[in-house]
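Beneath this line is the structure, given in structure tokens, with notes to follow.
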2 protein chains.
Amino acid sequence: MPNEQENGLLYFPKATLDRLKLYQMVLAELPDKENISSDEIAERLKITPEQVRKDISYIKYNGKPKVGYHIKTLLEELNRLFGTTNKNNVILAGVGHLGAAIANYPGFSAYGMEIVALFDSDPQKQGTFVRDLTVLPIKDLRRIIKRFKVEIGIICVPKESAQSLAEQMVACGIRAIWNFAPIILRVPDDIVVEDENISISLLGLKHKLEQRRQERQIVKNTPS
Amino acid sequence: MPNEQENGLLYFPKATLDRLKLYQMVLAELPDKENISSDEIAERLKITPEQVRKDISYIKYNGKPKVGYHIKTLLEELNRLFGTTNKNNVILAGVGHLGAAIANYPGFSAYGMEIVALFDSDPQKQGTFVRDLTVLPIKDLRRIIKRFKVEIGIICVPKESAQSLAEQMVACGIRAIWNFAPIILRVPDDIVVEDENISISLLGLKHKLEQRRQERQIVKNTPS
DNA sequence: TAGATTGTTAATCGATTAACAATC
DNA sequence: TAGATTGTTAATCGATTAACAATC
């Protein structure tokens with residue numbers, strides 16, 4: 001293993017790790033194909049096949065010359081790496097449009113995520129059902145987290161209340177936060193935070209369009 | 001300007017660009033502070049102040065020694081860079097839970113995005129209202145895109161229909177796609193695609209948790 | 001066997017960090 | 001002025017690419 005550290009853990013360059021997520025997605029999308037070549041993965045993601053091979057060389061799996069990668073096996077290895085088969089009990093707070101959408105997201109169980117409770121500070125929403133779950137008041141947070149050994153909290157509240165909610169979750173024993181509110185949360189270092197920040201994504205979209213616009217202007221102003 | 005290219009466009013390292021988005025967010029969050037130091041920005045994002053200064057040095061804005069960066073001015077410069085003040089007419093297809101949530105997202109107008117029409121292939125949904133907009137059938141796509149000079153299409157349909165929808169949007173003249181479906185779209189090179197992929201984000205979350213788990217195991221198995 | 005495709009090593013390129021100069 | 005903070009240059013580090021060896 002070329003990338004093993006002293007403690008036995010594997011090291012992955014951050015960029016490699018991000019691409020491995022994309023490979024997982026590409027492979028999971030594929031119908032019932034047996035094998036796939038680095039060329040085909042690369043083509044779908046608009047990167048080079050060398051890059052794909054280099055990245056895959058970091059995990060303990062080997063493709064076959066002339067055949068490519070065995071999709072099922074490689075996918076299993078990627079899933080082991082990401083820990084997708086581990087089970088987690090999850091809570092979600094903020095049952096607005098976005099919260100309801102996330103709560104109804106069908107893909108969760110494939111990743112071992114089970115939502116065990118929903119929370120909202122709005123008394124009007126408390127007691128109502130979303131899917132098969134009653135919306136609970138925030139004061140029940142601690143009880144539920146203890147009872148279901150909840151590790152992950154999903155934050156879908158407006159950005160004004162996100163920081164305070166995060167602190168309450170942490171105080172109640174949550175280990176990881178999946179944050180959909182468009183702010184930077186401040187939490188202790190040992191708490192895992194994954195941001196799904198629509199505003200950041202929007203900045204990326206706007207910037208790409210702005211770049212295209214500027215490129216067009218240059219073409220227009222360049223005498224041919 | 002140290003990073004100017006021959007064509008006059010500025011070049012930014014990709015990593016720098018991603019962090020500039022975070023700076024935009026941090027500054028936009030701030031109450032009515034006048035100035036902010038590289039130290040404070042760095043502290044909030046858990047990076048180094050040197051990195052912050054280096055990144056900001058790429059844009060044509062200068063901070064003041066002993067004072068820091070003037071928030072309002074820097075924010076304006078970042079917004080110019082990202083093109084957030086440009087106006088775009090936008091359509092959204094797929095008015096399920098997620099689509100409705102996106103359509104109701106309050107932050108769009110601040111980024112110059114105006115949703116001018118909603119689409120869904122489900123006849124049951126066609127004719128119903130979401131916000132102040134009627135849901136239209138897909139066959140109206142071309143007409144609306146032409147009429148409103150729509151540049152951006154938001155895809156919120158299930159992943160099975162996302163590729164075909166993307167192709168229709170492209171055929172009707174869309175220049176950019178904001179894709180919320182968890183698949184890799186295949187579109188021509190001149191089409192801008194920004195993915196907001198919840199599954200990828202979920203992989204990131206699971207992986208960070210898996211890493212923590214492994215680290216804990218090592219600590220446990222290391223004789224002290 | 002020849003050919004196709006993977007895997008690895010070395011070279012290049014790019015990004016981060018460190019050191020320090022500039023300046024308010 | 002002294003001190004704090006920004007800005008820049010050079011050194012280091014890390015990631016990508018190119019070349020080619022390995023192998024089915």
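Order of the sequence lines fixes the chain letters, A, B, ..., with proteins taken first and strands second; residue numbering starts at 1 for each chain.
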Inset, instruction - Could you tell me which non-hydrogen atom of B/Ala93 sits nearest to which non-hydrogen atom of B/Met169, and how far apart they are? - result: CB-CE, 3.9 Å
Legend entry - Nearest-nucleotide 5' precedence on DNA chain C, B/Phe12 against A/Gly68: A/Gly68
Legend entry - Most 5' of A/Lys14 and A/Val67 on DNA chain D, judged by nearest nucleotide: A/Lys14
Inset, instruction - State whether A/Ser37 places a side-chain N or O below 4.0 Å from either non-bridging phosphate oxygen (OP1 or OP2) of C/dT5. - result: no
Inset, instruction - Establish, with yes or no, whether the OP1 or OP2 oxygen of D/dT16 is under 4.0 angstrom from a side-chain nitrogen or oxygen of A/Arg19. - result: yes
Inset, instruction - Mind listing the closest non-hydrogen atom pair of B/Ile115 and B/Ala103 along with its distance? - result: CD1-CA, 3.9 Å
Legend entry - A/Ala15 side-chain proximity, nearest of D/dT6, D/dT16, C/dG3: D/dT16
Inset, instruction - Taking all heavy atoms of A/Pro13 and all of A/Tyr58, pick out the closest pair and write down the distance. - result: CG-OH, 3.6 Å
Inset, instruction - Answer with base, sugar-phosphate or nothing: what part of the nucleic acid does B/Lys64 contact at a heavy-atom distance below 4.0 Å? - result: sugar-phosphate
Legend entry - Listed nucleotide nearest any side-chain atom of A/Pro13, set D/dT8, C/dT6, D/dA15: D/dA15
Inset, instruction - Round to a whole Å and report the spacing from CG of A/Asp39 to P of C/dT5. - result: 7 Å
Inset, instruction - Starting at atom OH of A/Tyr58, determine the distance to atom P of C/dG7, rounded to an integer number of angstrom. - result: 14 Å
Inset, instruction - Scan A/Asn62 against the nucleic acid and name what it touches under 4.0 Å (heavy atoms): base, sugar-phosphate only, or nothing. - result: sugar-phosphate
Inset, instruction - Just compare C/dA15, C/dG7, D/dA15 and give me whichever is closest to any side-chain atom of A/Tyr69. - result: C/dG7
Legend entry - salt bridge (charged side-chain N to carboxylate O under 4.0 Å, His left out) contacts touching residues 150-176 of chain A (sequence neighbours left out): none
Inset, instruction - Quick one: the dot-bracket string of DNA chain D, using Watson-Crick and G-U wobble pairs with both distances under 3.5 Å, [ ] for crossing pairs and | for bases paired to another strand. - result: ..||||||||||||||||||||||
Legend entry - Integer-rounded Å distance: D/dT5 C1' and B/Lys66 NZ: 9 Å
Legend entry - Length of the CD-C1' vector between A/Glu40 and C/dT6, whole Å: 16 Å
Inset, instruction - Check the distance between D/dA4's P and B/Ile36's CD1 and give it to me in whole angstrom. - result: 19 Å
Legend entry - Electrostatic pair B/Glu76:B/Arg80 at N-O distance under 4.0 angstrom: no
Inset, instruction - Give the ring-plane orientation class for B/Phe82 versus A/His207, where under 30° counts as parallel, over 60° as perpendicular and anything between as tilted. - result: perpendicular
Protein-nucleic acid N or O pairs under 3.5 Å, nucleotides 17-20 of chain D:
residue : atom : partner : partner atom : Å
D/dT17  : OP2  : A/Gln51 : OE1          : 3.4

Legend entry - Spacing between A/Leu74 atom CG and C/dG7 atom C1', to the nearest angstrom: 14 Å
Legend entry - Whole-Å gap separating C1' (D/dT8) and CD1 (B/Ile56): 15 Å
Inset, instruction - Would you please confirm or rule out a distance under 4.0 Å between OP1 or OP2 of D/dA15 and any side-chain N or O of A/Tyr11? - result: yes
Inset, instruction - Might you point out which heavy atoms bring B/Tyr61 and B/Glu77 nearest each other, and give the distance in Å? - result: CB-CG, 4.1 Å
Inset, instruction - Could you tell me whether the side chains of A/Asn79 and A/Thr85 share a donor-acceptor contact shorter than 3.5 Å? - result: no
Inset, instruction - State whether the side chain of A/Lys208 and the backbone N or O of A/Leu203 hold a donor-acceptor pair below 3.5 Å, judged by distance alone. - result: no
Legend entry - Heavy-atom pair with the smallest gap, counting every atom of A/Val187 and B/Lys46: O-NZ, 3.0 Å
Inset, instruction - Mind calculating the distance between NE2 (A/His70) and C1' (D/dC24) to the nearest angstrom? - result: 16 Å
